[in-house]
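Quick caveat: nothing in here was measured; it's all calculated off a predicted structure.
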Amino acid sequence: MAKLRTAIVTKERTIHTYSELWHASHCVLESGIREPRGSSWQFLSSAVLTAFALEAYLNHVGPTVISCWPELERLPPWAKFELLCETLKVRFPNGSGKRPLQTIVKLLEFRNTMAHGRSSDVKPKPELRDANEKLDAYLGQRPLADWERLIQTEKFSQRAREDVKLALEKLHSARPEPKEVLFSFGLGVHSATLAPSHI
């Protein structure tokens with residue numbers, strides 16, 4: 001019987017976590033658009049993953065341009081974003097009152113609401129309505145928290161992706177070389193060589 005041959009296998013992979021999160025954000029958004037039933041949870045997931053992708057990108061770039069980045073890791077995402085914009089001389093002329101920054105501020109507020117979730121009571125003001133055949137349908141509608149309103153349709157999640165992409169493109173173009181292609185997944189290599197006893 002022939003002796004089994006063995007090989008020494010080596011593998012290595014660079015993971016761009018921000019790209020993985022970005023892709024996941026897209027996948028769940030598309031899933032929610034395709035299947036309306038339960039889609040609000042897909043839109044919620046997409047928005048949270050978009051916020052995570054933004055922060056992961058900041059943590060990816062930070063150490064390449066700011067030597068003391070490990071000491072800054074605990075800063076809130078918005079502070080990291082502003083610091084990198086200042087360091088890389090990236091400007092958004094319309095400020096945080098207009099897109100894309102306006103959306104990013106709202107997205108990070110949404111992310112914080114989800115990350116630090118608390119129970120709450122939603123009590124809209126009493127209102128005067130006609131007592132007609134539409135009243136029963138209206139009574140059946142749940143009052144929504146602000147964050148729930150954002151995920152009733154795909155609009156907020158789509159807008160978050162559009163505006164985060166715009167902001168990251170500006171930051172990315174200002175980064176010094178060498179740098180990866182924005183949203184690339186990273187690179188993996190592997191090899192196999194026969195074990196010494198079989199050479």
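- Checked by atom type, the side-chain pair Tyr57/His172 shows a donor-acceptor distance below 3.5 Å.
- A heavy-atom distance below 4.5 Å is found between the side chains of Arg111 and His116.
- Applying the side chain to side chain donor-acceptor pair (under 3.5 Å) test to every pair with at least one member in residues 28-40, sequence neighbours left out, gives no pairs at all.
- Surrounding CZ of Arg149 are more than 12 heavy atoms belonging to other residues, nucleotides or ligands, all under 6.0 Å away.
- Although no hydrogens or angles enter the test, the distance criterion places no donor-acceptor pair under 3.5 Å between the side chain of Ser184 and the main chain of Glu180.
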* **Full working for side chain to side chain contact (heavy atoms under 4.5 Å, CB included) between Lys11 and Val189** => CA-CA 6 Å; Lys11 294 182 179 183; Val189 293; over 6 Å; no
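- Residue Val105 is grouped with residue Leu54 when hydrophobic side chains (ILVMFWY) are merged at heavy-atom distances under 4.5 angstrom, including chains of intermediate members.
- Taking all atoms of both residues into account, the shortest heavy-atom contact from Ser25 to Ser46 is O-OG, 2.9 Å.
- How far CG of Leu83 is from CD1 of Ile66: 4.0 Å, rounded to the nearest 0.5 Å.
- By the ring-ring contact (aromatic ring centres under 6.0 Å, His included) test, Trp78 pairs with Phe81, sequence neighbours left out.
- The environment of Lys165 atom NZ is sparse: at most 12 non-hydrogen atoms of other residues, nucleotides or ligands sit within 6.0 angstrom.
- Across Leu150, Ile33, Val48, a single residue satisfies side-chain contact (heavy atoms from CB on, under 4.5 Å) together with Phe43, and that is Ile33.
- No salt bridge links Glu154 with Arg161; every basic N to acidic carboxylate O contact stays at or beyond 4.0 Å.
- Considering only heavy atoms from C-beta on, Leu187 stays 4.5 Å or farther from Arg13 through its side chain.
- You'll find the side chain of Leu58 reaches within 4.5 Å of the side chain of Leu171, heavy atoms only.
- Between the OG1 atom of Thr193 and the CD1 atom of Ile8 there is a distance of 4.5 Å, given to the nearest 0.5 Å.
- Considering only heavy atoms from C-beta on, Val164 comes within 4.5 Å of Leu107 through its side chain.
- Counting heavy atoms from C-beta outward, Phe92 and Lys170 have side chains that approach closer than 4.5 Å.
- Minimum interatomic distance between Val122 and Leu144 (heavy atoms only, all atoms of both residues): CG1-O, 3.7 Å.
- No chain of hydrophobic side-chain contacts below 4.5 Å, direct or via other Ile, Leu, Val, Met, Phe, Trp or Tyr residues, connects Leu84 to Leu166.
- Of all heavy-atom pairs between Glu148 and Pro143, the closest is OE1-O, 4.2 Å.
- Taking the side chain as every heavy atom from C-beta outward, Pro176 and Leu88 approach each other to under 4.5 Å.
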- In sequence, state the C-alpha distance, the side-chain angles, and the governing distance for Arg175 and Thr64, and then conclude on side chain to side chain contact (heavy atoms under 4.5 Å, CB included). CA-CA 9 Å; Arg175 281 180 59 194; Thr64 68; 4.3 Å; yes
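- Under a cut-off of 6.0 angstrom, the local environment of CD in Glu71 is crowded, with over 12 non-hydrogen atoms contributed by other residues, nucleotides or ligands.
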* To do: Check step by step if side chain to side chain contact (heavy atoms under 4.5 Å, CB included) holds for Trp147 and Leu44.
  => CA-CA 9 Å; Trp147 66 266; Leu44 180 151; 3.5 Å; yes
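- Side-chain contact between Val9 and His190 is absent, with no heavy-atom pair separated by less than 4.5 Å.
- Pairing each heavy atom of Pro63 with each of Asn59, the nearest pair is CD-O, 3.0 Å.
- Linking Ile, Leu, Val, Met, Phe, Trp and Tyr residues whenever their side-chain heavy atoms come within less than 4.5 Å places Trp41 and Phe156 in a single cluster.
- Annotation for Leu101 and Gly95: closest pair CB-O, 3.6 Å, computed over non-hydrogen atoms.
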(message) Applying ring-ring contact (aromatic ring centres under 6.0 Å, His included) to Phe185 and His23, what does each step give before you reach the verdict?
(response) CA-CA 9 Å; Phe185 287 107; His23 181 65; 5.6 Å; yes
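- Residues Glu20 and Ile15 form a side-chain contact, since some pair of their non-hydrogen atoms from C-beta on lies under 4.5 Å apart.
- Without hydrogens or angle criteria, Tyr18 side chain to Phe183 main chain gives a donor-acceptor distance under 3.5 Å.
- The shortest heavy-atom contact between Glu73 and Lys80 is O-NZ, 2.9 Å.
- Contacts classified as side chain to side chain donor-acceptor pair (under 3.5 Å) and involving residues 88-110 (residues at least two apart or in different chains) are given here: Arg99-Glu162, Arg99-Asp163, Gln102-Arg159, Thr103-Arg159, Thr103-Asp163.
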(Q) For a side chain to side chain contact (heavy atoms under 4.5 Å, CB included) check, start with the C-alpha distance between Ile151 and Phe110, then their side-chain angles and the critical distance, and finish with the verdict. (A) CA-CA 10 Å; Ile151 60 168; Phe110 179 84; 3.8 Å; yes
